Protein chains: 2
Amino acid sequence: MELFFQALGDQTRLRLLNLMGDQEICVCYFVEILQQGQPKISRHLAYLRRAGIVQARREGKWMHYRIVMPPNIGAAQVLRQTLDWLKDERAMQADRARLNKACCSPARFNALAGAPKPIPVGCTSDCGSTIEVN
Amino acid sequence: MELFFQALGDQTRLRLLNLMGDQEICVCYFVEILQQGQPKISRHLAYLRRAGIVQARREGKWMHYRIVMPPNIGAAQVLRQTLDWLKDERAMQADRARLNKACCSPARFNALAGAPKPIPVGCTSDCGSTIEVN
DNA sequence: TTTACTTATACGCATTGACGAATATATTGG
DNA sequence: CCAATATATTCGTCAATGCGTATAAGTAAA
């Protein structure tokens with residue numbers, strides 16, 4: 001419980017969770033959208049993974065991250081409320097807007113040229129060689 | 001938002017919030033129930049106060065703390081959910097049980113001999129010289 | 001005003017965590 | 001195997017935090 005809230009107590013991690021909201025997203029998208037160094041993004045994703053809040057899936061060179069609801073009822077409810085809260089915040093809305101823009105025309109962002117787009121969760125079209133991590 | 005979750009990311013502070021749940025409680029009760037040093041309790045209460053999650057009221061020598069709902073809708077909802085979550089946790093239930101016992105017979109706890117009992121929130125029977133703090 | 005009592009804060013120390021830079025690991029394609 | 005790409009981890013540094021001890025601040029009563 002302590003660990004759970006500690007994981008939410010960081011601006012960068014909240015921004016990451018906000019972007020994942022309801023999609024599975026590639027690390028390179030986080031780096032591009034948040035305009036933060038790649039090691040920093042990876043570290044925070046690892047933190048969230050240790051806290052059991054996100055899961056990773058490898059697809060070739062790319063790693064996709066998505067939110068997983070905690071088995072504990074209380075934790076799941078708090079997490080859901082938190083995600084709703086994020087949607088109300090101006091800065092978070094701006095991040096989501098930038099993600100949508102990048103999603104629609106990845107070519108505009110050099111770094112995202114060949115990267116896989118975010119995938120809405122529940123879309124179980126297995127694209128081939130993907131491996132669940134953690 | 002970051003500060004809010006950081007405030008919840010500590011075991012002692014979660015125990016304090018659990019005990020306050022729906023009553024206003026005197027510092028000496030926290031010290032007795034949690035069996036922790038008084039400076040430690042005070043420090044964590046100060047942290048919660050800085051985060052805007054609790055308020056203090058002075059009554060003579062005693063300080064009473066109570067939870068205050070954040071003005072932000074999202075924060076309030078998350079806080080409420082969190083308090084409900086606490087009620088489901090074994091360790092937290094044990095703390096509440098000890099509080100009730102101490103409440104019913106403060107005389108049994110030396111340290112609580114003349115201390116004011118917890119007061120259910122909403123009970124606006126102003127007992128005289130009380131000062132809102134913060 | 002002196003004393004006792006309750007609570008808050010200052011101090012020193014140890015741990016944790018965040019960061020950038022550099023480097024390691026994993027995968028793909030030549 | 002080698003090079004290129006994407007991601008993870010390590011390292012050194014610095015700020016934040018938690019703790020116990022000691023002490024300060026506020027209040028009530030003698």
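None of these values were measured; they are calculated from a predicted model. Just so we're on the same page: letters track the sequence lines, and every chain starts at 1.
- Checking D/dA8, C/dA8, D/dA6 against the side-chain heavy atoms of A/Pro39 singles out D/dA8 as nearest.
- At C/dC19, one or more side-chain N or O atoms of A/Lys40 fall inside 4.0 Å of OP1 or OP2 (strictly under the cut-off).
- Nucleotide D/dT21 holds its P atom 15 Å from the CD1 atom of B/Ile41, rounded to whole Å.
- In this structure, CD of B/Gln6 is placed 8 Å from P of C/dA18, rounded to the nearest angstrom.
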Pairing pattern in dot-bracket form [Watson-Crick, G-U; both distances under 3.5 Å; | = partner strand] for DNA chain C: ||||||||||||||||||||||||||||||
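- The CD atom of A/Gln36 sits 19 Å away from the P atom of D/dA6 (whole-angstrom rounding).
- One side chain, B/Glu89 or B/Trp85, offers a donor N or O that lies under 3.5 Å from an acceptor on the other.
- Between B/Leu45 and B/Val54, the shortest heavy-atom contact is O-CG2, 4.0 Å.
- A distance-only check finds no donor-acceptor pair linking the side chain of A/Arg49 to the backbone of A/Ala51 [under 3.5 Å].
- As a whole-Å value, the separation of B/Gln11 CD from D/dC19 P is 11 Å.
- Closest to the side chain of A/His44, out of D/dT17, D/dA8, C/dC19, is C/dC19.
- If you take CZ of A/Arg58 and P of D/dA8, they are 7 Å apart, rounded to a whole angstrom.
- Residue B/Lys61 places its side chain closer to D/dA28 than to any other of D/dA8, D/dA28, D/dT5.
- Put simply, the side chain of A/Arg13 gets close to the backbone of A/Gln6: a donor and an acceptor are under 3.5 Å apart.
- With hydrogens and angles disregarded, no donor-acceptor distance shorter than 3.5 Å links the side chain of A/Gln55 to the backbone of A/Ile67.
- No side-chain donor-acceptor contact under 3.5 Å links B/Arg90 to the backbone of B/Met92.
- A/Leu48 places its CG atom 15 Å from the C1' atom of D/dA8, with the value rounded to the nearest Å.
- The base of D/dA6 is not paired with the side chain of A/Gln38 by any donor and acceptor separated by under 3.5 Å.
- Counting heavy atoms of neighbouring residues, nucleotides and ligands inside a 6.0 Å radius, atom CD1 of B/Ile73 does not exceed 12 of them.
- Of the candidate nucleotides D/dA8, D/dT21, C/dT7, D/dA8 has the atom nearest to the side chain of A/Val27.
- For A/Arg49, taking side-chain heavy atoms from C-beta onward, the closest of the listed nucleotides D/dT17, D/dA8, D/dA6 is D/dA8.
- In this structure, B/Leu17 CG and B/Leu79 CG are separated by 7.0 Å, a value rounded to the nearest 0.5 Å.
- In this model, the phosphate group of C/dT7 is not approached by any side-chain N or O of B/His64 to a distance below 4.0 Å at OP1 or OP2.
- Residue side chain B/Arg13 does not reach the base of D/dG18 through any donor-acceptor N/O pair under 3.5 Å, judged by distance alone.
- Taking atom CZ on A/Arg57 and atom C1' on C/dA26, their separation rounds to 16 Å, with Å as the unit.
- Rounded to whole angstrom, the span from the OH atom of A/Tyr47 across to the P atom of D/dA8 amounts to 17 Å.
- With DNA chain C read from its 5' end, the first of the two nearest nucleotides for B/Tyr65 and A/Arg43 is the one closest to B/Tyr65.
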